[in-house]
Structure formats: C-alpha cells, structure tokens
Amino acid sequence: MNEDQVRVRFAPSPTGLLHVGNARTALFNWLFARQRQGVLVLRVEDTDVERSAPEYAQKLIEDLRWLGLDWEEGPDVGGAFGPYQQSARLETYASHTQTLLEGGQAYHCFCTPEELDQERQRALAAGKTPVYSGRCRSLPRDAAQERIASGEAACVRLRTPGQGELGFNDLVRGAVTFDLAVVGDPVLVRSSGLPAYNYVVVIDDVLMRITHVIRGEDHLANTVRQILTYQALDYPVPQFAHLSMVMGEDNSRLSKRHGATAVHQFAQDGVLASALFNYLALLGWAPPDGNEVLEQSELVRLFDLKKVSRSAAIFDYGKLHWLNRQHIKRLSGRAQAEEALPHLQEAGYLPREMTDAHWSWLEGAVAALIERVDTFADLKDSFAQVFDFSLEELGEEERSDLRSECGGKVIRSFAGLLAGIEQLDYAAFAEMTKTIKEETGCKGRDLFHPLRVALTARGSGLDLDKFIPLVESGAGLDFPIPLKSCSERCEAVMAYLDK
RNA sequence: GCUCCUGUCGUCUAGCCUGGCCUAGGACACCGCCCUUUCAAGGCGGCGACACGGGUUCAAAUCCCGUCGGGAGCGCCA
C-alpha cells in the first residue's frame with residue numbers, strides 16, 4: 001500500500017434509514033476519494049446495541065449503492081483492515097484498553113451515573129461547563145483492581161491534561177482551538193464492558209489507516225477528545241474536515257416534518273439518483289464555472305473540499321426538483337421509459353409483462369408527458385389524463401363547455417366526421433377541425449375547448465396534437481385499465497349530452 | 001449556562017485569504033412579458049443581499065474589536 005494514498009471512510013450507525021445529511025457526508029467522502037485516487041472505507045458503527053439493527057445496515061448499503069457510491073472496503077466487500085462492523089472488533093478495542101490502563105493513560109472510574117448527574121447539575125447551576133471532576137483519577141491501580149474483583153461496576157476513562165489548549169487544522173474550517181479545561185476525562189469503556197463511540201472511532205480510524213476524517217460538524221467538539229485519544233495511544237492524528245449541517249426550511253435540523261429525508265424516499269418519489277447526487281454535492285459547494293447541472297464524473301473533477309462552505313445549508317426541495325428535470329432531459333427516450341415503468345406499473349397503468357408494442361407506446365407517452373413533470377411520481381399522475389376518462393367527475397366549467405351552444409355543435413360535427421375516418425392521426429385531426437369550424441362557425445377557444453373536454457374529460461392537459469396519437473395508438477394495446485379510443489370517448493360524450 | 005462553529009438576495013452560493021476591477025456575479029424560487037386552442041414546459045426580462053455598531057485605511061463585503069442572530073457540543077448516545 002502506498003503510504004501517501006488517501007483513505008477516507010463513511011461510518012454510519014445502523015439505527016435508521018440513510019438520511020440525506022448522512023448521504024451528503026458519504027458523497028463528499030466519495031468525491032474526495034475518487035479525485036485523489038484514494039480508497040473509501042464503509043464501516044458500520046453498531047456499538048449501540050439498543051438502537052442498532054442489522055436490517056438497517058443492509059438498507060444503508062442498498063441506498064448508498066442506489067445513489068451511485070461504491071467503496072473499496074466494507075462489510076459487504078471485505079478488505080485488508082476488517083472486520084468492518086464494530087460489533088466484530090471488540091477484542092481489538094479491549095487490547096487497546098489494556099495497554100492504556102497499563103500505561104496509566106486511562107483509569108477505572110467507579111462514580112455512579114447518579115453521582116455524575118448531580119455533578120453536572122451543580123455545574124450547570126453554577127454557570128459552568130459540566131466537566132467530570134476527576135474524582136477517581138488518582139485511585140491507586142491495585143485498589144481499583146480490588147474493587148473490580150469484588151464486583152463493583154467501573155468504566156474506563158481517559159486521563160486528559162485538564163488545562164492548556166489544543167488546536168487542530170480543519171480542512172474546511174481552518175484553525176480550531178479548544179480550552180482543555182472544559183474537556184473532562186471521557187469514558188472510553190462503559191461499565192457494561194462495551195466501548196464508547198469516541199474511543200472506537202479513533203482505534204478504527206487508526207487501524208484502517210484513515211488519512212482524512214470527513215464528517216458532520218456535530219463531531220467538531222468531540223474531535224478534541226479524539227485527538228487526546230490518538231495521543232494517548234501514540235498514534236498519528238489524521239486530517240479532519242467538518243461539514244456543516246443540513247437544515248430544514250425553518251432552520252432547524254432537517255426532519256420528516258420538512259418532507260422526505262430518507263434517500264429511499266426520494267427514490268420512491270421518482271427522483272433520479274444522478275439528480276440527488278448532483279443536488280447533494282451542491283449543498284455547501286459551488287462549481288467554479290457556475291454550471292450546476294453535473295454528472296458524477298464532472299463532480300469528481302471539479303469538487304474541492306477546501307471550497308466547501310462553512311455555514312449550514314437549508315435543503316431546498318424546489319431546486320432538487322429542478323435538477324431532477326434537467327437530469328431527466330439528459331436521459332434517452334428509452335432510459336426515461338425504463339425509469340418511468342416501475343412507477344407506472346405500481347399505479348396500475350402498465351402491465352407487468354411488457355410487449356415490444358407496449359415499450360414503443362410507453363416511450364412515446366413518456367416523451368410527450370415528461371417535460372411537464374418534476375419527478376416520475378408526478379409522471380404517474382399525469383398518465384391519469386390518458387387512462388382515466390370519467391365524465392361523471394367533470395368540473396362545473398368543463399360541463400358548461402360541453403353543454404354550451406358551440407360545445408354541442410362542435411361535438412356532433414366531430415362525431416360525424418370521426419365515423420368516416422380510418423385512422424385518426426394529428427394530420428387528420430387538423431383537417432377535421434377546419435371542417436368543424438366551417439360547419440359550426442365556432443372557432444378558437446369555443447372550438448378547441450369542447451373538443452378537449454370531450455376527448456380528455458378535463459379542462460386542461462397535454463396538447464391535443466400529442467394526446468390524440470397517444471390515445472389512438474394505445475387503444476389497440478392490452479392494458480390493465482383499457483385505454484378508450486377517441487371515437488369511444490366521443491360516443492360516451494354524445495350519450496352524456498343526450499341525457 | 002459554558003465552550004466551539006457560523007452569519008452575502010426568500011434559498012444554494014461566487015467574491016473574503018492576497019482591501020480598490022463590486023454599480024456585489026450566477027443558480028433555484030417569485031413576478032412580468034413572449035410563445036400558445038388549455039395547463040405546463042421553454043425563451044426573454046424584472047425584483048432581490050454584504051446581520052448591526054465601532055475602528056484601521058485615501059479606499060472595507062473583504063482586515064480588527066464588540067453586539068446580536070443561527071447551529072452544534074458539554075452522555076457510561078452515535
């Protein structure tokens with residue numbers, strides 16, 4: 001292995017679905033690794049047995065892959081520095097703890113949670129930062145051993161300086177300095193014997209040879225404790241980069257009440273992975289030339305960790321949707337149809353078994369309807385105007401359009417012409433409208449609106465020149481919901497008018 | 001409460017390091033116009049910001065100090 005090789009990691013805890021905030025962290029790690037020809041490690045942080053669940057680890061992996069990320073090492077692909085889930089690394093942590101205990105950099109603490117809580121309350125009340133008092137710090141080692149032997153519960157704490165300053169250079173934030181007087185001795189190992197996050201993360205990052213730790217800003221303050229741990233272990237400290245948080249519109253942490261937050265949800269809503277990828281990269285970073293619609297490979301080329309914004313960003317669904325439209329447009333007709341198909345099948349418009357005829361009809365339909373939608377879920381809704389034809393649900397305005405003087409004349413004239421025609425395509429339709437205009441004297445809105453309502457049972461929608469060929473070519477195909485031809489629609493309207 | 005991070009159009013940001021090229025640029029959203037048999041889409045245009053107060057300087061969005069706002073951390077959660 002090359003000593004200079006960049007090695008980064010994404011280390012989610014499997015306590016829920018992949019959130020866009022975490023996805024952005026993963027993505028920035030990925031971009032950085034790819035552009036530096038480095039290695040991305042996926043590590044599952046499942047030391048919290050209460051909240052972790054293996055199903056979530058699997059879903060996390062699926063969602064990351066859907067987004068278009070890959071990694072060289074991880075629980076699913078293996079690697080030279082595994083295992084890659086912390087629950088399988090407990091022995092490693094234990095041996096490090098032994099070393100620290102023997103060297104005196106760590107010690108056993110017998111304080112009970114109740115005592116610590118009281119200490120904390122007192123500090124808060126006195127207007128000070130709650131810091132562990134260090135009561136068990138100077139307990140002689142053999143005395144501690146005896147208490148443990150007698151069955152007393154103890155956790156292991158790191159011995160920290162308690163005074164002075166500790167600074168580090170953050171790749172996105174620059175120089176950051178902390179007063180060590182406000183950092184107490186952190187718990188390394190809980191009295192249950194399970195190691196704590198801030199401890200294992202250090203050991204794992206060292207053992208997995210991580211060179212750059214790119215993570216959320218919520219870890220910024222913990223970095224001091226972690227650096228102290230690196231030092232106690234006599235390990236080299238990696239570079240840090242703390243990314244700002246992703247917020248909802250009201251500037252509070254993005255949560256479900258702001259809308260979709262899980263990557264999985266965006267996939268279901270018909271957002272393209274490439275669009276979400278693009279949007280996430282733009283959250284806190286801007287391309288140098290101002291062109292914001294970018295593919296993965298372009299992002300890899302242009303991305304610059306040093307240019308990442310230091311302030312929090314609000315997740316803008318509107319811009320994501322705009323980007324999604326841009327990415328949809330870049331897809332070939334066939335690819336658009338393929339993306340659309342699952343959503344349309346789920347809505348019951350298209351059969352599970354697609355014939356070639358279905359495919360070519362679908363491509364045409366998607367091409368006609370796609371420009372008007374933000375997502376494939378929206379596309380599903382706009383397919384309703386092709387398949388659903390219900391005169392019972394006409395609105396007031398549409399009803400009066402049909403029943404108006406021109407409406408009745410136009411439709412009767414249209415129905416008459418339709419009877420004598422083989423194949424209604426747009427050219428034929430254009431010819432017919434001319435004739436209708438002459439026969440009825442109706443024109444403009446008075447002419448076209450009744451026709452639109454008669455054919456679509458709606459007051460607005462797709463251009464008729466696109467709508468008619470779509471319906472006519474689809475009418476012969478076998479769909480779960482039969483697609484009515486123009487003449488069938490027209491007959492229904494005539495019957496409706498006669499009532 | 002304390003500590004740390006942060007503050008440019010409604011939103012994402014460029015510019016800040018290395019003061020003058022800033023009459024502060026772009027994108028989304030919004031508004032208007034054009035296109036049009038509808039609704040969109042699309043094209044064109046418009047509105048719109050340096051949080052505030054002091055300093056330093058011939059000159060400050062840019063450097064310094066303070067205030068205020070936002071976020072995070074202070075756990076035997078991760």
Side-chain angles (χ1 to χ4, degrees), chain A residues 11-15 45-48 50-52 86 109 111-113 116-117 120 123-132 153-157 170 172-174 176-179 181-184 186-198 200-201 216-225 242 244-245 247 249 251-253 279 282-293 307 309-323 325 329 369-373 382 385 401 433 443-453 456 458-465:
Chain A
S13 40
T15 55
E45 311 228 326
D46 56 353
T47 50
D48 183 355
E50 307 278 298
R51 296 196 299 155
S52 297
Q86 293 181 329
C109 170
C111 298
T112 64
L116 294 170
D117 194 48
R120 224 185 333 271
L124 248 21
K128 288 189 284 196
T129 303
V131 174
Y132 173 60
C155 68
V156 178
R157 285 183 188 270
D170 191 282
V172 343
R173 261 146 238 287
V176 181
T177 312
F178 284 88
D179 181 358
V182 300
V183 347
V187 169
L188 264 23
V189 183
R190 297 176 264 214
S191 49
S192 66
L194 278 176
Y197 166 82
N198 275 301
V200 297
V201 79
E217 192 191 351
D218 45 341
H219 295 283
L220 188 60
N222 284 330
T223 306
V224 192
R225 281 166 251 277
H242 287 93
S244 56
M245 307 269 81
M247 319 294 270
E249 279 124 335
N251 229 326
S252 68
R253 238 175 138 155
Y279 178 69
L282 254 29
L283 215 49
W285 172 80
D289 65 356
N291 176 21
E292 295 184 320
V293 184
K307 291 276 191 178
S309 168
R310 291 172 312 214
S311 56
I314 291 172
F315 195 93
D316 183 349
Y317 292 89
K319 185 137 186 183
L320 202 217
H321 284 157
W322 174 78
L323 269 174
R325 276 207 307 274
K329 277 193 218 163
L369 292 160
I370 199 76
E371 291 232 330
R372 324 162 68 84
V373 304
S382 79
Q385 67 180 297
D401 273 321
T433 57
K443 60 182 179 181
R445 196 197 138 89
D446 287 341
L447 168 63
F448 285 98
H449 213 68
L451 285 177
R452 162 174 298 284
V453 176
T456 71
R458 278 172 169 73
S460 68
L462 196 53
D463 293 345
L464 287 177
D465 64 342

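Lettering of chains follows the sequences in order, A, B, ..., and the numbering in each one begins at 1. The basis for the numbers below is simple: all heavy atoms, side chains too, and nothing from hydrogens, waters or symmetry mates.
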For nucleotides 4-13 of chain B, read 5' to 3', which letter fits each nucleotide if B means a protein heavy atom sits under 4.0 Å from the base, S means only the sugar-phosphate is that close, and - means neither?
SBSS---SSS

Protein heavy-atom contacts under 4.0 Å, written 5' to 3' over nucleotides 39-49 of chain B as B (base), S (sugar-phosphate only) or - (none), form the string BBSS-------

Can you tell me the base-pairing partner of [N]? Count Watson-Crick or G-U wobble geometry only, both distances below 3.5 Å, and say none if there is no partner.
N      : value
G32(B) : C44(B)
G69(B) : U6(B)
U37(B) : none
C21(B) : none
C74(B) : G1(B)
C50(B) : none

Can you tell me how far [atom1] in [N] sits from the matching atom in [M], rounded to whole Å?
N      : M      : atom1 : value
A24(B) : G46(B) : P     : 13 Å
C22(B) : C64(B) : C1'   : 22 Å
C74(B) : G26(B) : P     : 43 Å
A14(B) : A59(B) : C1'   : 23 Å
C65(B) : C21(B) : C1'   : 29 Å
U3(B)  : U8(B)  : C1'   : 27 Å
U62(B) : C50(B) : C1'   : 10 Å
G42(B) : G54(B) : P     : 46 Å

If I compare all heavy atoms of [X] with all of [Y], which pair ends up nearest, and what's the gap?
X       : Y       : value
A181(A) : V131(A) : O-CG2, 3.8 Å
P14(A)  : E45(A)  : CD-O, 3.4 Å
S244(A) : S309(A) : OG-O, 3.8 Å

Once you round it to whole Å, what is the distance between [atom2] of [N] and [atom1] of [X]?
X       : N      : atom1 : atom2 : answer
M247(A) : G71(B) : CE    : P     : 6 Å
N291(A) : G25(B) : CG    : C1'   : 15 Å
R253(A) : G70(B) : CZ    : P     : 17 Å
H242(A) : G73(B) : NE2   : C1'   : 11 Å
L447(A) : U38(B) : CG    : C1'   : 13 Å
R225(A) : A72(B) : CZ    : P     : 17 Å

To the nearest 0.5 Å, what is the distance between [atom1] ([X]) and [atom2] ([Y])?
X       : Y       : atom1 : atom2 : answer
Y197(A) : S13(A)  : OH    : OG    : 8.0 Å
L323(A) : K319(A) : CG    : NZ    : 6.5 Å
L220(A) : M245(A) : CG    : CE    : 10.0 Å
T456(A) : L464(A) : OG1   : CG    : 7.0 Å

Between the main-chain N or O of [Y] and the side-chain N or O of [X], is there a donor-acceptor pair closer than 3.5 Å?
X       : Y       : answer
R157(A) : P186(A) : no
Y279(A) : W322(A) : no
D463(A) : D465(A) : no
Q385(A) : L462(A) : yes
R458(A) : R452(A) : no

Pull out every protein N or O sitting under 3.5 Å from an N or O of nucleotides 30-35 of chain B, one pair per line with the distance.
none

Of all residues at least two apart in sequence or in a different chain, which pass the side-chain hydrogen bond (donor to acceptor under 3.5 Å, both in side chains) check with T223(A)?
R215(A), H242(A)

Before you tell me yes or no, could you show the steps for F448(A) and T433(A) under side chain to side chain contact (heavy atoms under 4.5 Å, CB included), namely the whole-Å CA-CA distance, both residues' side-chain angles and the distance that decides it to 0.1 Å?
CA-CA 8 Å; F448(A) 285 98; T433(A) 57; 4.0 Å; yes

Flag the pair D170(A) and R310(A) as a salt bridge only when some basic side-chain nitrogen lies within less than 4.0 angstrom of an acidic carboxylate oxygen.
no

By the 4.0 Å heavy-atom rule, please label N198(A) as base, sugar-phosphate, or nothing.
base

Classify the nucleic acid contact of H219(A) as base, sugar-phosphate or nothing, counting any heavy atom under 4.0 Å across all strands shown.
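Base, at least one base atom sits under 4.0 Å.
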
Assuming nearest nucleotide by heavy-atom distance, tell me which of M245(A) and G318(A) is located more 5' along RNA chain B.
G318(A)

Comparing D465(A) and P12(A) on RNA chain B - which has the more 5′ nearest nucleotide:
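Comparing both residues, the 5'-ward one is D465(A).
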
For nucleotides 75-77 of chain B, tabulate all protein N/O to nucleotide N/O atom pairs closer than 3.5 Å, reporting atom names and distance.
residue: C76(B); atom: O2; partner: S191(A); partner atom: N; Å: 2.7
residue: C76(B); atom: O2; partner: S191(A); partner atom: OG; Å: 2.8
residue: C76(B); atom: N3; partner: S191(A); partner atom: OG; Å: 2.9
residue: C76(B); atom: N4; partner: C111(A); partner atom: O; Å: 2.7
residue: C77(B); atom: OP2; partner: R190(A); partner atom: NE; Å: 3.4
residue: C77(B); atom: OP2; partner: R190(A); partner atom: NH1; Å: 2.4
residue: C77(B); atom: O3'; partner: R190(A); partner atom: NH1; Å: 3.2
residue: C77(B); atom: O2'; partner: D48(A); partner atom: OD2; Å: 2.6

How would you list, by chain and number, every residue that makes a salt bridge (Lys or Arg N to Asp or Glu O under 4.0 Å) with R225(A), sequence neighbours excluded?
none

